[in-house]
Amino acid sequence: MPDFRRLWLVGSFISIARWLEMLVIAVVVYDQTKSPFLVAAMTLVRLLPMGLFGATLGVAADRMQRRHALVGVVCCQAMVAAGLVVLCLSGQPPVWLLGLAAFISGIAWATDNPVRRMMLGEIVGTTRMASAMSLDVVANNASRVAGPALGGAILAAQGPVAAFALSFVLYAFAAAAALRVRHRSTVTNRPLSVIRDTRESFALVLRQPGMRGVLIVTIIYNLFGWPANSMVPVIGAGTLGLGPDGVGLLASMDGVGAFLAAMALAARAPAHWYRPVYIGGCALYCGMATAFALAPGVISAGTALVVMGAGGAGFATMQATLVYIAMPPEERSRALGVLSVCVGLGLLGFLHLGLMADWIGAPAATALMGVEGLVALAVTWRWWRAAP
């Protein structure tokens, strides 16, 4: 399937650039401010558009040709990367401008579920959706190895200008692949009423059997699990005493575990595994976040991140898959938009973690967040056990 390969390449290039940017921005902000809160805030503002616009983008995606939307989104990200290069060439970039760049990139990120991943589902069909998502997660998690490792190495050797220039090149490759996509999606001709259709999207998803449980686990993962990733540069530099290249290598370790787990799921992922892998992946991620924060040395910290990444891959592979197979075809784009809103609620987790890290230190705050996630899973058991 040539179009599947092209969309897979688009996602791969974008993911490498995204993780590279997140690592470089985190290191630059920490070097300037020494504030764990501001480091977490950079990821927070990148997630904010998902919470604000995720459902609306899902509604809008039904009313346009997704191929055109994809090309436009990738070009927007390339312009942001070029702007970061110019900022760094002119001197030390202000933190607020780095935050603005992260916010604009976050708008593009919020379109991934209802645009690119929806196109993947249309191309491969329901029966092969889990395998397609596994391969997509393989690419995403390979990029979580390559992005931070490249970003850290280039930042240490050449500085932020070269790192952001590489990001621009990656977006250019993604745009070239997107322009070659031939698939044409079905365009809905319903009159556009953003407020009404956005409200209906939530009602439709919540009425679908099992979907409430899927969304609850998504919220728990993004509130209490994923924010731990933003503290890897802080703990790596501040607690473990690593330089930029060492921080980049450490940040890539969860990508190693995620890559291996996603490869295993792509090879064999029977339907009766979907819910256990999804929920177990969330629990494993939260537990290993605590283990990472409390690790006494670099080796144990890296090992915890590898296992944490494996849990994250299980969660991420099944997240969009469960939504796609549970919803009727005509409602999938809107459901994936609602899913993006639940992902975007993770910004509250980053805010919570950043404030705690400034108060009690990054290791203690990260360990506590992981425990909170496990408690939240236990408390909500009666709802997520009904997930499809």
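Quick note: residue numbers are just sequence positions, from 1. Note that the structure is predicted; figures quoted are calculated from it, not measured.
Counting only heavy atoms from C-beta outward, the side chains of Pro160 and Leu155 approach each other to under 4.5 Å. When side chains are defined from C-beta on, Asp136 counts as touching Arg116, because their heavy atoms get closer than 4.5 Å. You'll find the side chain of Tyr30 stays beyond 4.5 Å of the side chain of Pro233, heavy atoms only. Val74 has its side chain out of reach of Phe13: every pair of non-hydrogen atoms, C-beta onward, lies at least 4.5 Å apart. Annotation: side chain of Phe103 is not in contact with side chain of Val80 (no heavy-atom distance under 4.5 Å).
Hydrophobic clustering of Ile, Leu, Val, Met, Phe, Trp and Tyr side chains at less than 4.5 Å, counting indirect connections, unites Met231 with Leu249. Taking hydrophobic clusters as Ile, Leu, Val, Met, Phe, Trp and Tyr residues chained together by side-chain heavy-atom distances below 4.5 Å, Leu38 shares a cluster with Leu97. Using a 4.5 Å cut-off between side-chain heavy atoms of Ile, Leu, Val, Met, Phe, Trp and Tyr, with links allowed through other members, Leu355 and Trp359 fall into different hydrophobic clusters. In the hydrophobic clustering of ILVMFWY residues, with side-chain heavy atoms under 4.5 Å counting as a link, Val375 and Trp381 come out apart. Residue Leu223 is grouped with residue Leu351 when hydrophobic side chains (ILVMFWY) are merged at heavy-atom distances under 4.5 angstrom, including chains of intermediate members.
For Thr111 (side chain) and Ala108 (main-chain N/O), a donor-acceptor pair under 3.5 Å exists by modelled atom type. Although no hydrogens or angles enter the test, the distance criterion places no donor-acceptor pair under 3.5 Å between the side chain of Arg66 and the main chain of Met119. Side-chain N or O atoms of Arg117 include none that pairs as donor or acceptor with a backbone N or O of Val115 at under 3.5 Å. In this structure, the side chain of Gln32 engages the main chain of Pro93 through a donor-acceptor pair within 3.5 Å. Within the 3.5 Å criterion, the main-chain N or O of Leu87 finds a donor-acceptor partner in the side chain of Ser90.
Scanning both residues, Thr239 and Pro363, for their nearest heavy atoms gives OG1-CG, 3.5 Å. The minimum heavy-atom distance between Gly151 and Leu23, with the atom names listed, is C-CD1, 4.2 Å. Asp358 approaches Ser35 most closely through the heavy-atom pair OD2-OG, 3.6 Å. When every heavy atom of Glu21 is checked against every heavy atom of Ala81, the shortest pair comes out as OE2-CB, 4.0 Å. Of all non-hydrogen atoms in Ala178 and Arg67, the two that sit nearest each other are O-NE, 4.1 Å. The shortest heavy-atom contact between Ala295 and Ser300 is CB-OG, 3.4 Å.
For the side-chain contact (heavy atoms from CB on, under 4.5 Å) test with Val39, the passing option among Val28, Ile25, Val232, Val234 is Val234; the others fail.
With rounding to the nearest 0.5 Å, the separation of OG in Ser105 from CE in Met42 is 12.0 Å. Note that the CD1 atom of Ile220 and the CD atom of Glu372 stand 12.0 Å from one another [nearest 0.5 Å]. Taking OG of Ser230 as the start and CG of Leu353 as the end, the distance is 5.0 Å to the nearest 0.5 Å. Within the model, atoms SG of Cys286 and OH of Tyr221 stand 8.5 Å from one another, a figure rounded to the nearest 0.5 Å. Residue Leu166 holds its CG atom at 10.5 Å from OH of Tyr171, rounded to the nearest 0.5 Å. Separating the CZ atom in Arg6 from the CG atom in Leu179 is a distance of 11.0 Å, to the nearest 0.5 Å.
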- Residues Leu9, Phe173; criterion side chain to side chain contact (heavy atoms under 4.5 Å, CB included); working and verdict: CA-CA 9 Å; Leu9 282 172; Phe173 286 149; over 6 Å; no
- Task: Evaluate side chain to side chain contact (heavy atoms under 4.5 Å, CB included) for Met369 paired with Thr366, printing each intermediate quantity in order.
- Result: CA-CA 5 Å; Met369 281 282 284; Thr366 305; 5.7 Å; no
- Task: Take Phe315 and Val217 through the side chain to side chain contact (heavy atoms under 4.5 Å, CB included) test and state the conclusion after the steps.
- Result: CA-CA 9 Å; Phe315 169 86; Val217 177; 4.1 Å; yes
- Test side chain to side chain contact (heavy atoms under 4.5 Å, CB included) applied to Val181 and Val71, step by step: CA-CA 10 Å; Val181 172; Val71 172; over 6 Å; no
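Checked against a 6.0 Å centroid threshold, the rings of Tyr285 and Trp226 do not count as neighbours.
Crowding of Phe168 atom CZ: a count of heavy atoms from other residues, nucleotides or ligands under 6.0 Å not exceeding 12.
Between Trp19 and Trp109, the ring planes are perpendicular. Angles over 60° get that label, and only those under 30° would be called parallel.
Not a single side chain to side chain donor-acceptor pair (under 3.5 Å) links Gln77 to another residue, sequence neighbours left out.
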